[in-house]
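Down below is the structure, laid out as structure tokens.
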Amino acid sequence: MPTQLKHDDRLRPIASRQNARVKELRRAFHDAAPNAKGEVAVEGMHLLEEAIRSRLQLTTVFFSESARERAHKLLPQLSSHAETLLLPDDVFAAVVPTETPQGVAALVKVKPFSLDAVFTPDPALVIVAAGLQDPGNLGTIARSAEAFRATGLLLGERTVSPWNWKAVRASAGSMFRLPTVKVELATVVAGLKTRNLRVLATSSHKGTSITEADWRQPLALLIGNEGSGLPKDVLALADETVFIPQAPGVESLNAGIAASVILYEAARQRNSS
């Protein structure tokens with residue numbers, strides 16, 4: 001049997017938006033959180049391939065009619081246990097949130113991480129997001145955290161979900177692999193010190209330059225809300241405040257870029273020690 005026909009045989013046509021798995025995909029995108037089965041919604045060829053590379057289980061994969069070529073490329077990479085559905089273009093477009101969908105989406109079973117995993121290996125370098133609202137910033141932070149070998153990411157109250165589709169897309173797959181745990185800020189910041197982590201808070205212009213701070217010890221870095229910064233009660237718990245040297249008169253960097261610059265400096269120091 002020709003390969004293309006073999007692949008087409010595996011695709012089960014679904015015409016109705018009321019199909020149970022189609023409705024589950026729409027709900028998963030809307031809820032931006034793992035469902036009762038531990039699945040999240042992912043859209044786009046690159047992210048599905050990253051999920052496969054991360055050894056996650058793709059339970060159901062959805063293709064639009066116009067994305068058959070992508071289906072033929074992806075199907076050989078999928079487990080034989082993965083359900084594969086073929087949707088009319090209009091049904092697919094109505095389910096996914098992107099304005100220009102690639103025609104490939106999936107329900108992916110993600111790994112839950114323990115709090116201990118965030119602090120391993122030693123010396124820990126933990127990012128603590130305190131009320132970050134922009135999913136692109138959170139995804140960028142996760143991507144840079146993995147690139148510069150941070151050990152994990154803690155998400156405080158009012159921080160956007162790591163499974164928001166924009167956050168997953170901006171992370172370029174890092175969200176699948178970086179240990180990430182939701183926490184209560186006040187409790188976890190106090191607990192960081194019992195784990196012998198030094199707590200650093202970010203500021204736009206005050207404190208110690210990041211080039212003068214010591215990033216080689218076990219550390220936690222607090223990143224505040226894009227508009228209001230860190231809550232005063234959390235800021236009061238920090239051992240030190242750090243800033244990124246920059247040209248005078250320039251507004252502060254956004255949270256994603258600032259965290260990336262700081263993580264680079266931390267990696268530079270740790271690699272040279």
Side-chain angles (χ1 to χ4, degrees), residues 7 11-35 37-54 56-75 77-78 82-110 129 132-146 153 155 159-178 180 226 254-257 260:
H7 290 164
L11 295 171
R12 181 159 68 92
I14 297 293
S16 173
R17 300 184 188 189
Q18 300 309 310
N19 173 270
R21 291 305 272 169
V22 171
K23 291 169 70 175
E24 191 68 55
L25 181 68
R26 183 189 300 112
R27 189 180 305 114
F29 274 122
H30 177 269
D31 293 347
N35 62 18
K37 298 177 182 178
E39 301 165 327
V40 300
V42 175
E43 194 269 332
M45 190 73 176
H46 174 69
L47 283 175
L48 265 67
E49 290 180 326
E50 282 295 302
I52 293 169
R53 187 170 75 87
S54 304
L56 300 182
Q57 181 185 354
L58 280 65
T59 51
T60 305
V61 184
F62 305 79
F63 299 98
S64 68
E65 280 282 0
S66 60
R68 281 181 180 266
E69 287 189 14
R70 291 193 175 102
H72 297 152
K73 179 182 177 184
L74 192 64
L75 283 170
Q77 303 178 55
L78 296 176
E83 182 181 26
T84 52
L85 307 181
L86 184 66
L87 311 181
D89 287 354
D90 62 329
V91 173
F92 187 93
V95 174
V96 301
T98 49
E99 293 183 6
T100 54
Q102 295 182 23
V104 183
L107 286 166
V108 179
K109 190 167 289 188
V110 291
L132 279 177
Q133 292 294 299
D134 185 277
N137 275 336
L138 185 64
T140 297
I141 289 171
R143 185 175 185 178
S144 295
E146 184 182 32
L153 178 61
L155 308 176
T159 294
V160 66
S161 169
W163 302 118
N164 177 290
W165 67 273
K166 290 182 180 179
V168 176
R169 183 176 65 181
S171 81
S174 291
M175 208 66 83
F176 298 141
R177 298 178 292 269
L178 182 72
T180 301
E226 290 88 350
N254 75 34
I257 293 175
S260 300

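Quantities reported herein were computed from a predicted structural model and do not represent experimental measurements.
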Seminar exercise, completed: Note: Arg169 and Thr98 closest approach over all heavy atoms is NH1-CG2, 4.2 Å

For this session: Ignoring hydrogens and angles, tell me if any N or O in the side chain of Ser171 forms a donor-acceptor pair with the backbone of Ala142 under 3.5 Å.
Result: no

Problem set entry | NE2 (His30) with more than 12 external heavy atoms under 6.0 Å | no

Problem set entry | Heavy-atom donor-acceptor pair, Thr59 side chain to Leu107 backbone, under 3.5 Å | yes

For this session: Say whether, by atom type as modelled, one donor and one acceptor occur between the side chain of Gln102 and the main chain of Glu43 under 3.5 angstrom.
Result: no

Problem set entry | Separation of Asn19 CG from Arg26 CZ (nearest 0.5 Å) | 10.0 Å

Exercise. What distance separates Ser144 OG from Ile257 CD1, expressed to the nearest 0.5 Å?
Worked result: 9.5 Å

Problem set entry | Gly103 backbone acceptor or donor facing Arg70 side chain under 3.5 Å | no

For this session: Please round to the nearest 0.5 Å and tell me the distance separating atom OG1 of Thr159 and atom CG of Asn164.
Result: 12.5 Å

Exercise. Quick one: does Asn137's side chain have a donor or acceptor within less than 3.5 Å of a partner on Asn254's backbone?
Worked result: no

Problem set entry | Gap between atom CG of Leu25 and atom CG of Asn35 - 0.5 Å precision | 10.5 Å

Exercise. Are Arg68 and Glu65 ion-paired here, with the side-chain N under 4.0 Å from a carboxylate O?
Worked result: yes

For this session: Ignoring hydrogens and angles, tell me if any N or O in the side chain of Ser174 forms a donor-acceptor pair with the backbone of Glu146 under 3.5 Å.
Result: no

For this session: Decide side chain to side chain contact (heavy atoms under 4.5 Å, CB included) for Thr84 and Leu74; before the verdict, give the C-alpha distance in whole Å, the side-chain angles of both, and the deciding distance to 0.1 Å.
Result: CA-CA 11 Å; Thr84 52; Leu74 192 64; over 6 Å; no

Exercise. So which heavy atom on Thr140 is nearest to which on Gly256, and how close?
Worked result: CG2-O, 3.8 Å

Problem set entry | Steps toward side chain to side chain contact (heavy atoms under 4.5 Å, CB included) verdict (Glu50, Met175) | CA-CA 10 Å; Glu50 282 295 302; Met175 208 66 83; over 6 Å; no

Problem set entry | Pair Leu56-Glu39, side chain to side chain contact (heavy atoms under 4.5 Å, CB included): steps then yes or no | CA-CA 10 Å; Leu56 300 182; Glu39 301 165 327; over 6 Å; no

Problem set entry | Phe62: which of Val22, Leu11, Val96, Val104 passes side chain to side chain contact (heavy atoms under 4.5 Å, CB included) | Val22

Exercise. So, the side chain of Ser16 versus the backbone of Gln18: is there a donor-acceptor pair under 3.5 Å, distance only?
Worked result: yes

For this session: Could you grab the distance from atom CE of Met45 to atom CD of Glu69, nearest 0.5 Å is fine?
Result: 10.5 Å

Exercise. Short question: side chain of Asp31, backbone of Ala33 - any donor-acceptor pair under 3.5 Å?
Worked result: no

Exercise. Which pair of heavy atoms, one from Lys109 and one from Lys37, lies closest together, and at what distance?
Worked result: CE-O, 3.2 Å

Exercise. What are the two closest non-hydrogen atoms of Gly136 and Ala170, and how far apart are they?
Worked result: O-CB, 3.6 Å

For this session: Can you see which heavy atom on Leu86 is nearest to which on Ser64, and at what distance?
Result: CD1-O, 3.7 Å

Problem set entry | Check: Gln133 and Val160 side chains under 4.5 Å, non-hydrogen atoms | no

Problem set entry | Taking every non-hydrogen atom, the tightest pair across Ala172 and Leu47 | C-CD2, 4.1 Å

Exercise. For the atom pair CD (Gln77) and CG (Leu48), what is the distance rounded to the nearest 0.5 Å?
Worked result: 9.5 Å

